[in-house]
Amino acid sequence: MARCEVCGNDYDKTFEVAREGSTHVFDSFECAIHALAPACEHCGCKVIGHGVESDGRMFCCAHCAEQAGVGGLRDRTG
Ligand SMILES: [Zn+2]
Ligand SMILES: [Zn+2]
């Protein structure tokens, strides 16, 4: 049994996510997203898909990047 590091839930179906040399334990994808997903710099929503990145700044979509003054980006989904 492991304990989710986000909500503290004791759960027998936790899973581990290894990232940048450390291992995190979660009971749900919701908790994993809460802990690991970057937030869009413009609208603040969690970037769960590919998102768009420019100069180390992370956005959920090209529209948000544009609104934040980062032009010339395209969604990487296509
Ligand atoms: Zn949790
Ligand atoms: Zn956004």
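Order of listing sets the numbers, starting from 1, for every ligand and every atom in it. All residue numbers in this chain count up from 1 along the given sequence.
When all heavy atoms are compared, the tightest approach of Gly44 to Ala39 is O-CB, 4.0 Å. Closest approach of Val52 and Ala62 over heavy atoms only: CG2-N, 4.0 Å.
Around the Zn ion (ligand 2), protein N, O or S atoms at less than 2.8 Å comprise Cys40 SG, Cys43 SG, Cys60 SG, Cys64 SG.
Atoms CD1 and SG, on Ile48 and Cys40 in that order, are 12.0 Å from each other to the nearest 0.5 Å. In this structure, SG on Cys4 lies 11.5 Å from NE2 on His24, to the nearest 0.5 angstrom.
Here the Zn ion (ligand 1) has protein N, O or S atoms under 2.8 Å from it, and they come to 4.
No donor-acceptor pair under 3.5 Å is formed between the side chain of Arg57 and the backbone N or O of Glu41. Of the possible donor and acceptor atoms, none in the side chain of Arg3 sits under 3.5 Å from a partner among the backbone N and O of Asp10.
Dense packing is recorded around CZ of Phe15, with more than 12 heavy atoms of other residues, nucleotides or ligands lying under 6.0 Å away. For Glu30, the CD atom counts as loosely surrounded, since its 6.0 Å shell holds 12 or fewer non-hydrogen atoms of other residues, nucleotides or ligands.
Taking the side chain as every heavy atom from C-beta outward, Glu5 and Phe26 approach each other to under 4.5 Å.
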